[in-house]
Structure formats: C-alpha cells, structure tokens
Amino acid sequence: MFSLSGVRHRYGGREVLNLDRLVAAQGDRWLVLGPSGSGKSTLLHILAGLLTPSEGAVAVASPIGIVPQKLHLIASLTVEQNLLLAQYLAGAKQEPARAAQVLAGVGLADRAAARPAQLSHGQAQRVAVARAVMNRPKLLIADEPTSNLDDAQCAAAIDLLESQAAECGATLVVATHDARIKPRFANRLELGA
C-alpha cells in the first residue's frame with residue numbers, strides 16, 4: 001500500500017526524518033513511535049501527500065483517510081454533513097446511506113444530526129474516524145489518536161481504528177508517543193528524537 005525509499009526531510013537545515021526503506025502491504029498495521037519532534041507527523045504528512053520530502057521516492061495507494069491530531073470537524077455542519085463533505089471534497093458522489101452505515105459502525109447512528117459542539121471528545125474522535133473511512137481508503141492514517149485518553153478510551157480508539165481499517169481492507173498507520181498501544185502492533189517503526 002506504500003513504499004518509501006531514501007526519504008529524507010529537512011526543515012531549514014535541520015533533518016527531521018531519515019528513512020532508507022519502508023514498505024507496507026495491503027492490510028498491514030503499522031505503529032510509528034517516537035517522542036515529540038522525532039518526525040512522526042512529518043512521515044504521516046508525506047504518506048498523505050500533504051508534504052513532499054526533501055529527497056527520496058514515495059509510492060502510496062489511494063484513496064487515503066486521515067484522522068488528524070486536531071480533529072478539524074466543521075462546527076457549522078452536522079455530523080452527517082461533516083462525513084458527506086469528505087466525499088464532496090474528493091469529487092465523489094455524496095452518499096447519505098454510506099454516512100449512516102459508517103456512523104453505525106462507530107456507534108453514532110443516533111448522532112447524525114448533532115453538531116460537533118454537542119459531542120463528547122470521544123464521540124468527536126469517532127466522527128473523525130468515520131470521516132476518514134467515508135471514501136473507503138486503501139491507507140488509513142491516524143496521528144496521536146490516543147493522546148489525552150484514559151486506558152479504556154485508548155483501547156477503544158485503537159479497536160475502532162483497527163475495525164474500520166479491516167472493513168475497508170486498508171493499511172493502518174498510527175503515529176504516537178503512547179507506549180500503551182505498542183503491544184497491539186506487530187509492525188513498528190521507532191523514530192529517534
């Protein structure tokens with residue numbers, strides 16, 4: 001689902017990412033670990049096509065679903081409209097039935113008409129996951145999805161990401177400094193500070 005070769009990235013003169021090779025197959029689950037400033041978000045942004053590396057080759061299957069660290073739900077839209085916006089922005093036909101199916105899959109079928117401000121943090125996080133899988137991605141990326149969550153919510157967040165990735169047949173890449181989820185992933189990339 002993705003391949004990186006000789007990827008380096010610098011901000012100014014400072015190198016923040018240096019990967020000789022990283023390859024993931026369809027359906028793989030990858031955990032990218034490292035402290036703040038180690039290049040985790042930079043790697044995710046490169047995988048998502050939001051950032052061009054300073055050097056190296058990147059090949060990524062699409063579509064791509066992203067659960068950003070800051071959820072970026074549109075406050076003036078309902079939960080359903082936030083999901084349909086993902087299809088609109090991708091140039092795809094808007095499918096209310098797909099939005100209902102995805103919301104049911106994340107346990108929020110009854111919150112379709114709610115606005116983001118009416119949701120708990122956990123519910124908003126599930127809406128962000130639902131939005132990320134609306135276009136049936138081949139690659140699902142999550143940036144720090146368990147930060148500020150207690151142990152039970154942390155486990156539930158990873159369960160949700162794994163189940164939604166499996167539903168789409170997507171490769172899952174989670175970047176975090178949260179060591180609690182380390183045992184859940186066989187494939188790990190540890191970045192240094």
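Side chains are part of it too, since the values below use all heavy atoms of this structure and drop only hydrogens, waters and symmetry mates. The first residue in the sequence is number 1, and the count goes up from there.
- By the 4.5 Å heavy-atom criterion applied to side chains, Leu172 and Ile141 are not counted as neighbours.
- By the salt bridge (Lys or Arg N to Asp or Glu O under 4.0 Å) test, Arg8 is found to be paired with Asp20, residues two or more places apart in sequence or in another chain being considered.
- Qualifying side chain to side chain donor-acceptor pair (under 3.5 Å) partners for Arg136, counting only residues two or more places apart in sequence or in other chains: none.
- Every residue two or more places apart in sequence or in another chain that forms a side chain to side chain donor-acceptor pair (under 3.5 Å) with Asp151 is listed here: Arg180.
- For residues 113-128, the set of pairs meeting the salt bridge (charged side-chain N to carboxylate O under 4.0 Å, His left out) definition, not counting sequence neighbours, is empty.
- Ile181 and Leu149 fall into different hydrophobic clusters, where Ile, Leu, Val, Met, Phe, Trp and Tyr side chains are chained together by heavy-atom contacts under 4.5 Å.
- Of the residues Val16, Val32, Val7, the one that meets the side chain to side chain contact (heavy atoms under 4.5 Å, CB included) test with Leu43 is Val32.
- Shown are Lys93, Gln94, Glu95; of these, the side chain to side chain donor-acceptor pair (under 3.5 Å) with Gln87 is made only by Glu95.
- Between Pro116 and Val127 the shortest side-chain heavy-atom distance does not fall below 4.5 Å.
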Give the C-alpha distance, both sets of side-chain angles, the deciding distance and a yes or no for side-chain contact (heavy atoms from CB on, under 4.5 Å) between Asp178 and Cys154.
CA-CA 9 Å; Asp178 189 344; Cys154 171; 3.8 Å; yes

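- In this view, Asp150 and Ala152, Gln153 satisfy the side-chain contact (heavy atoms from CB on, under 4.5 Å) rule, not counting sequence neighbours.
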Evaluate side-chain contact (heavy atoms from CB on, under 4.5 Å) for Phe185 paired with Val174, printing each intermediate quantity in order.
CA-CA 9 Å; Phe185 290 81; Val174 174; 3.9 Å; yes

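- Rounding to the nearest 0.5 Å gives a distance of 7.0 Å between OG1 of Thr171 and CZ of Phe2.
- Through direct or relayed side-chain contacts under 4.5 Å between Ile, Leu, Val, Met, Phe, Trp and Tyr, Leu89 connects to Ile74, Leu77, Leu85, Tyr88.
- The minimum heavy-atom distance between Ala132 and Pro137, with the atom names listed, is O-CG, 3.5 Å.
- Shown here are the side chain to side chain donor-acceptor pair (under 3.5 Å) partners of Glu144, two or more places apart in sequence or in another chain: Thr176, His177.
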Working for side-chain contact (heavy atoms from CB on, under 4.5 Å), residues Gln81 and Ser76:
CA-CA 9 Å; Gln81 290 167 338; Ser76 62; over 6 Å; no

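- Between the Gln164 side chain and the Leu161 main chain, no donor and acceptor come within less than 3.5 Å of each other.
- Hydrophobic clustering (side-chain heavy atoms under 4.5 Å, transitive across Ile, Leu, Val, Met, Phe, Trp, Tyr) groups Leu4 together with Leu191.
- One side chain, Ser41 or Asp143, offers a donor N or O that lies under 3.5 Å from an acceptor on the other.
- Ala114 and Leu119 get closest at one heavy-atom pair: CB-CD2, 4.1 Å.
- Residues forming a side chain to side chain donor-acceptor pair (under 3.5 Å) with Asn187 (at least two apart in sequence, or on another chain): none.
- Side-chain N or O atoms of Arg131 include one that pairs as donor or acceptor with a backbone N or O of Leu71 at under 3.5 Å.
- From Thr78, atom OG1 reaches atom CG of Leu84 across 7.5 Å, with rounding to the nearest 0.5 Å.
- The minimum heavy-atom distance between Thr146 and Ala157, with the atom names listed, is CG2-CB, 4.3 Å.
- Closest of all the heavy-atom pairs between Ala175 and Pro145 is O-CD, 3.8 Å.
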Check residues 97-109 and write down every donor-acceptor pair under 3.5 Å in which the side-chain atom is one partner and the other belongs to a residue at least two apart or another chain.
{"unit_1": "Arg98", "atom_1": "NE", "unit_2": "Met134", "atom_2": "O", "d": "3.2"}
{"unit_1": "Arg98", "atom_1": "NH1", "unit_2": "Gln101", "atom_2": "OE1", "d": "3.2"}
{"unit_1": "Arg98", "atom_1": "NH2", "unit_2": "Val133", "atom_2": "O", "d": "2.7"}

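- A donor-acceptor contact shorter than 3.5 Å is absent between the side chain of Asp28 and the backbone of Ala24.
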Donor-acceptor contacts under 3.5 Å from residues 47-67 side chains, at least two apart:
{"unit_1": "Ser54", "atom_1": "OG", "unit_2": "His9", "atom_2": "ND1", "d": "3.4"}
{"unit_1": "Ser54", "atom_1": "OG", "unit_2": "Arg10", "atom_2": "N", "d": "2.9"}
{"unit_1": "Glu55", "atom_1": "OE1", "unit_2": "Arg10", "atom_2": "NH2", "d": "3.3"}

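- Hydrophobic clustering (side-chain heavy atoms under 4.5 Å, transitive across Ile, Leu, Val, Met, Phe, Trp, Tyr) groups Ile46 together with Trp30.
- Taking His72 as the reference, Pro68, Lys70 meet the side-chain contact (heavy atoms from CB on, under 4.5 Å) condition, with sequence neighbours excluded.
- In this structure, Glu162 pairs ionically with Arg184, as a charged nitrogen and a carboxylate oxygen lie closer than 4.0 Å.
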Before giving the answer on side-chain contact (heavy atoms from CB on, under 4.5 Å), spell out for Thr42 and Lys40 the whole-Å C-alpha distance, their side-chain angles and the decisive distance to 0.1 Å.
CA-CA 5 Å; Thr42 299; Lys40 298 183 306 294; over 6 Å; no

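- In the hydrophobic clustering, Val23 connects to no other residue, as no ILVMFWY side-chain heavy atoms lie under 4.5 Å from its own.
- Residues Val173 and Leu140 have side chains not in contact (no heavy-atom distance under 4.5 Å, counting atoms from C-beta outward).
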